[in-house]
Number of protein chains: 2
Amino acid sequence: MHLELTAVETVACCSPLTREPLSEPEAEGIVPLLKALADPVRLRLMSLVASHEGGEACVCDLNDAFDLSQPTISHHLKVLHEAGLLDREKRGVWVYYRARTEALENLATLIGGKEQ
Amino acid sequence: MHLELTAVETVACCSPLTREPLSEPEAEGIVPLLKALADPVRLRLMSLVASHEGGEACVCDLNDAFDLSQPTISHHLKVLHEAGLLDREKRGVWVYYRARTEALENLATLIGGKEQ
DNA sequence: CTTAAATATTTACAGTCATCTATGTCTTGG
DNA sequence: CCAAGACATAGATGACTGTAAATATTTAAG
């Protein structure tokens with residue numbers, strides 16, 4: 001049991017940006033998600049994982065897609081994981097990351113959601 | 001005539017994140033939009049403007065909503081404007097900002113878009 | 001148990017950014 | 001023309017962040 005909400009859990013609670021002014025606490029809850037995506041490497045990582053077959057990818061695959069050191073990729077994956085955008089699962093020596101598409105969908109609704 | 005695309009113009013061109021891996025240039029085009037929103041003050045500013053009656057608000061209204069100096073608010077509005085998320089119009093002494101909701105919608109589709 | 005491979009953590013540093021103060025520009029009223 | 005108000009710009013500073021090198025951790029193989 002945990003009382004603190006992760007970044008991703010705070011998103012679904014709010015009506016779209018254009019509906020009514022976002023409160024400061026609401027904004028503080030959403031910003032970590034946007035920050036996590038607001039980096040070219042992390043945005044591509046997210047896209048790579050999400051579009052990978054099975055919706056998951058292991059770090060070994062991801063490292064090769066970038067001209068960056070392994071610790072740097074590991075760092076970016078951690079940021080995405082802590083924001084609630086990626087799930088982690090260790091299988092043997094490998095770690096697989098899986099995209100939390102419902103988190104992306106909630107965020108999308110918040111940004112561009114249209115009310116009926 | 002301008003050849004450079006603003007941040008907002010690069011968004012509509014891409015299929016959703018989860019459809020196929022984002023190229024580096026695509027990511028570089030989208031990140032400025034996400035960066036612009038990835039700040040609590042700017043996210044609230046965006047929401048305030050977008051939800052304001054008429055879809056626009058003058059700076060004088062916006063300043064009062066924050067415990068920040070006027071130049072700081074002006075700076076944040078500039079960032080949102082340069083990202084293509086807010087339009088500016090000066091009317092007399094006042095400057096009105098208007099939300100570009102189609103930019104928000106395009107971004108939302110890119111983040112959480114579902115394919116049929 | 002040793003070794004190798006996959007991934008994470010730590011530390012350090014250079015670059016970016018949010019904020020403020022001070023100042024500038026522009027518009028209106030008198 | 002002058003003064004005041006609305007907003008923007010410039011410069012400075014402290015905090016945060018993306019990156020790499022070095023090191024640690026974990027797992028499997030032999």
Side-chain angles (χ1 to χ4, degrees), chain A residues 7 22 24 27-49 52 56-99, chain B residues 7 22 24 27-28 30-49 52 56-83 85-99:
Chain A
L22 218 54
E24 186 175 345
E28 297 283 357
I30 295 158
V31 158
L33 272 174
L34 291 166
K35 272 200 161 92
L37 293 176
D39 176 274
V41 174
R42 287 196 295 268
L43 191 62
R44 288 181 62 205
L45 278 171
M46 195 70 208
S47 180
L48 275 169
V49 173
H52 203 265
E56 66 176 16
C58 88
V59 180
C60 51
D61 298 329
L62 301 171
N63 275 324
D64 297 345
F66 297 87
D67 201 22
L68 292 170
S69 69
Q70 173 266 320
T72 296
I73 299 298
S74 185
H75 160 71
H76 285 304
L77 289 169
K78 184 180 185 182
V79 171
L80 289 166
H81 174 60
E82 289 182 340
L85 289 166
L86 288 180
D87 276 336
R88 276 185 71 185
E89 189 186 349
K90 185 159 188 174
R91 297 210 286 271
V93 187
W94 296 277
V95 173
Y96 290 80
Y97 283 91
R98 174 175 291 275
Chain B
L22 218 54
E24 185 175 346
E28 296 283 358
I30 296 158
V31 159
L33 272 174
L34 290 165
K35 272 202 162 89
L37 292 176
D39 175 275
V41 174
R42 287 196 293 269
L43 191 62
R44 288 181 62 206
L45 277 171
M46 195 70 208
S47 181
L48 274 169
V49 172
H52 203 264
E56 65 175 18
C58 86
V59 179
C60 50
D61 297 328
L62 301 172
N63 274 323
D64 297 345
F66 297 87
D67 201 23
L68 292 170
S69 69
Q70 172 265 318
T72 296
I73 299 299
S74 185
H75 161 71
H76 285 305
L77 289 169
K78 184 181 184 180
V79 171
L80 289 167
H81 174 59
E82 289 181 341
L85 290 166
L86 288 180
D87 276 336
R88 273 185 73 188
E89 189 186 349
K90 185 160 187 174
R91 296 208 288 272
V93 186
W94 296 278
V95 173
Y96 290 81
Y97 283 90
R98 173 174 293 273

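Nothing here was measured: the structure is a model prediction, and the numbers come from that model. A note on names: the letters A, B, ... follow the listed sequences, proteins ahead of strands, and every chain is numbered from 1.
Across all their heavy atoms, B:D39 and B:H76 have their closest contact at OD1-CE1, 3.8 Å.
Proximity note for B:V59 (side chain, C-beta onward) versus D:dC7, C:dC20, C:dA18: the nearest is D:dC7. Side-chain proximity of A:K78 to C:dA8, C:dT9, D:dT27: nearest is C:dT9.
Looking at heavy-atom distances under 4.0 Å, A:L68 makes contact with sugar-phosphate atoms alone, never a base. A:F66 comes within 4.0 angstrom of no nucleic acid atom, judged by non-hydrogen atoms across all strands. Contact annotation for A:Y96: no contact, since no heavy-atom pair falls under 4.0 Å across all strands. Among the heavy atoms of the strands lying under 4.0 Å from A:H75 is at least one base atom, whether or not backbone atoms are also near. Within the 4.0 angstrom heavy-atom criterion, only backbone atoms of the sugar-phosphate kind lie near A:D39; the bases stay farther away. Residue contacts for A:R88: at a heavy-atom cut-off of 4.0 Å it reaches the sugar-phosphate backbone alone, with no base atom in range.
OP1 or OP2 of C:dA6 has not a single side-chain nitrogen or oxygen of A:Y97 nearer than 4.0 Å. Close to D:dG18, at under 4.0 Å from its OP1 or OP2, lies no side-chain N or O of A:T72.
Atom CH2 in B:W94 sits about 13 Å away from atom C1' in C:dC26, given to the nearest Å. Here the C1' atom of nucleotide C:dA18 and the CG atom of B:L43 are 16 Å apart, to the nearest Å. A straight line from NZ of A:K35 to P of C:dA18 spans 7 Å, rounded to a whole angstrom. Between B:L77 atom CG and D:dT9 atom P there is a gap of 11 Å when expressed in whole angstrom units. The nearest whole Å value for the distance from the NE2 atom in B:H81 to the P atom in D:dA8 is 10 Å. The distance between atom CG of A:N63 and atom C1' of C:dA5, rounded to the nearest whole Å, is 13 Å. Rounded to an integer number of Å, the gap from A:L34 CG to C:dA18 P is 13 Å. Taking atom CD of residue A:E24 and atom P of nucleotide C:dA18, one finds them 15 Å apart after rounding to whole Å.
Across the interface with DNA chain D, nearest-nucleotide mapping of A:V93 and B:S74 shows B:S74 to be the residue nearer the 5′ end. Heavy-atom distances to DNA chain C give each of B:H76 and A:V95 a nearest nucleotide, and the one nearer the 5′ end belongs to A:V95. Both A:S69 and A:R91 lie close to DNA chain D; mapped to their nearest nucleotides by heavy-atom distance, the more 5′-ward contact belongs to A:S69.
The line from CG of A:L68 to CG of A:L62 is 12.0 Å long, rounded to the nearest 0.5 Å.
B:L22 has its side chain within reach of B:I30: a pair of non-hydrogen atoms, C-beta onward, lies under 4.5 Å apart. Residues A:R44 and A:F66 form a side-chain contact, since some pair of their non-hydrogen atoms from C-beta on lies under 4.5 Å apart. A:E24 has its side chain within reach of A:E28: a pair of non-hydrogen atoms, C-beta onward, lies under 4.5 Å apart. In this structure the side chain of A:C58 reaches within 4.5 angstrom of the side chain of A:D61, judged on heavy atoms.
None of B:L80, B:L45, B:V79 except one satisfies the side chain to side chain contact (heavy atoms under 4.5 Å, CB included) rule with B:L86; the exception is B:L80.
At a cut-off of 3.5 angstrom, the base of D:dA8 holds at least one donor-acceptor pair with the side chain of B:Q70.
Between the side chain of B:R42 and the backbone N or O of B:K35 there is at least one donor-acceptor pair closer than 3.5 Å.
From one end of the helix from C:dC1-D:dG30 to C:dG30-D:dC1 to the other, with five pairs defining each end axis, the axis direction shifts by 20° (rounded to 10°).
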